[in-house]
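Encoded as structure tokens, the structure appears first; notes follow it.
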Amino acid sequence: MGHWCRICDNNLPNEKFSGKGHRNHICKKCSQLPKKERERIERIDELRGFLSQSNISKKNIARLKHLVSLEDEDVAKFANIVLEVALAHPRKKKRLSFLKRERKDIIKKLKDSELLFWMEIDF
Ligand SMILES: [Zn+2]
């Protein structure tokens, strides 16, 4: 006995569905997706914003440390890289030349992530 979820395309036990979810064929887990996705997009936008600021402040760094701790792996991973950038060179001016010279490890992480694209860096 089970019930089909049209989002994850799984047959799941009835307890995985709420009353409304039964009718809509969306399991409890998938019914949470839109909000999570929205939050993820918002947080990744926030991270991109930090990189575009002329300076990443101490307050921003505190916020980054919070984002690193989130269970969303993509957000946490990106936040971790932005945090490393912020700690290495909080000011945007001459940041890239500094990182290229002194912190090739961070440059590599940026290259491996979509953050590089956000920074509009052409390697
Ligand atoms: Zn589902």
Side-chain angles (χ1 to χ4, degrees):
M1 284 294 284
H3 197 78
W4 174 66
C5 171
R6 64 184 169 89
I7 305 295
C8 58
D9 197 24
N10 278 323
N11 249 312
L12 298 164
N14 280 324
E15 67 261 26
K16 298 286 185 190
F17 292 84
S18 67
K20 195 180 168 192
H22 259 118
R23 285 194 298 279
N24 296 333
H25 299 284
I26 302 174
C27 72
K28 285 177 186 169
K29 198 177 169 192
C30 290
S31 70
Q32 292 170 354
L33 267 181
K35 188 166 178 264
K36 275 192 171 178
E37 285 300 313
R38 198 168 59 241
E39 283 178 356
R40 171 180 288 175
I41 291 164
E42 280 170 3
R43 282 166 177 159
I44 287 177
D45 270 355
E46 186 182 1
L47 290 170
R48 179 166 47 185
F50 288 145
L51 290 179
S52 67
Q53 290 173 191
S54 61
N55 182 53
I56 302 173
S57 69
K58 284 200 171 78
K59 196 180 164 193
N60 295 153
I61 287 171
R63 173 68 181 160
L64 283 167
K65 285 177 178 171
H66 168 70
L67 292 173
V68 164
S69 72
L70 295 180
E71 62 184 41
D72 186 317
E73 283 181 23
D74 287 340
V75 171
K77 186 183 79 178
F78 288 156
N80 196 41
I81 300 170
V82 177
L83 178 60
E84 281 199 61
V85 170
L87 294 174
H89 202 284
R91 294 208 163 271
K92 192 180 178 189
K93 200 177 177 191
K94 295 183 180 173
R95 175 186 289 154
L96 190 57
S97 60
F98 171 84
L99 294 176
K100 279 180 173 175
R101 198 173 63 243
E102 305 287 340
R103 295 299 304 270
K104 291 191 173 66
D105 58 317
I106 294 179
I107 292 291
K108 184 176 185 314
K109 285 178 192 173
L110 287 165
K111 276 184 171 180
D112 292 343
S113 76
E114 292 168 40
L115 287 167
L116 187 70
F117 176 71
W118 296 346
M119 291 176 82
E120 296 173 2
I121 301 164
D122 185 19
F123 279 91

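Side chains are part of it too, since the values below use all heavy atoms of this structure and drop only hydrogens, waters and symmetry mates. Numbers here are sequence positions counted from 1. The structure presented is a predicted model; accordingly, all values stated were derived computationally and were not measured.
- Every residue was checked against the side-chain hydrogen bond (donor to acceptor under 3.5 Å, both in side chains) condition with N55, not counting sequence neighbours, and none meets it.
- For the atom pair L87 CG and I61 CD1, the distance stands at 5.0 Å (nearest 0.5 Å).
- Atom CG of L83 is separated from atom CG of L47 by 10.0 Å, given to the nearest 0.5 angstrom.
- Pairs engaging residues 85-113 under the ring pair (Phe, Tyr, Trp, His ring centres under 6.0 Å) rule: H89-F98 [sequence neighbours left out].
- A search for salt bridge (Lys or Arg N to Asp or Glu O under 4.0 Å) contacts involving K108 returns D112, not counting sequence neighbours.
- Applying the side-chain hydrogen bond (donor to acceptor under 3.5 Å, both in side chains) test to D105 and every residue at least two apart in sequence or in another chain returns R103.
- The shortest side-chain heavy-atom distance between N10 and K29 does not fall under the 4.5 Å cut-off.
- Between A88 and I106, the shortest heavy-atom contact is CB-CD1, 3.9 Å.
- Looking at every heavy atom in both residues, G2 comes nearest to N11 through C-OD1, 4.0 Å.
- R95 places a side-chain heavy atom less than 4.5 Å from the side chain of L51.
- For residues 60-71, every residue pair satisfying the side-chain hydrogen bond (donor to acceptor under 3.5 Å, both in side chains) rule, not counting sequence neighbours, is listed here: E46-R63, Q53-N60, S57-N60.
- Looking at heavy atoms from C-beta onward, C5 lies in side-chain contact with F17 at the 4.5 angstrom threshold.
- Of all non-hydrogen atoms in I56 and F50, the two that sit nearest each other are CG1-O, 3.4 Å.
- Residues satisfying the side-chain hydrogen bond (donor to acceptor under 3.5 Å, both in side chains) criterion with K94, sequence neighbours excluded, are absent altogether.
- No side-chain heavy atom of N80 sits less than 4.5 Å from a side-chain heavy atom of L67.
- The side-chain heavy atoms of I44 and R48, taken from C-beta on, include no pair separated by under 4.5 Å.
- Every residue was checked against the side-chain hydrogen bond (donor to acceptor under 3.5 Å, both in side chains) condition with K16, not counting sequence neighbours, and none meets it.
- Residues G49 and S52 come closest through the heavy atom pair O-OG, 2.8 Å.
- Around the CD atom of E15, the shell of radius 6.0 Å holds more than 12 heavy atoms that belong to other residues, nucleotides or ligands.
- The hydrophobic clustering, which links ILVMFWY residues whose side-chain heavy atoms are closer than 4.5 Å, places W4 and I26 apart.
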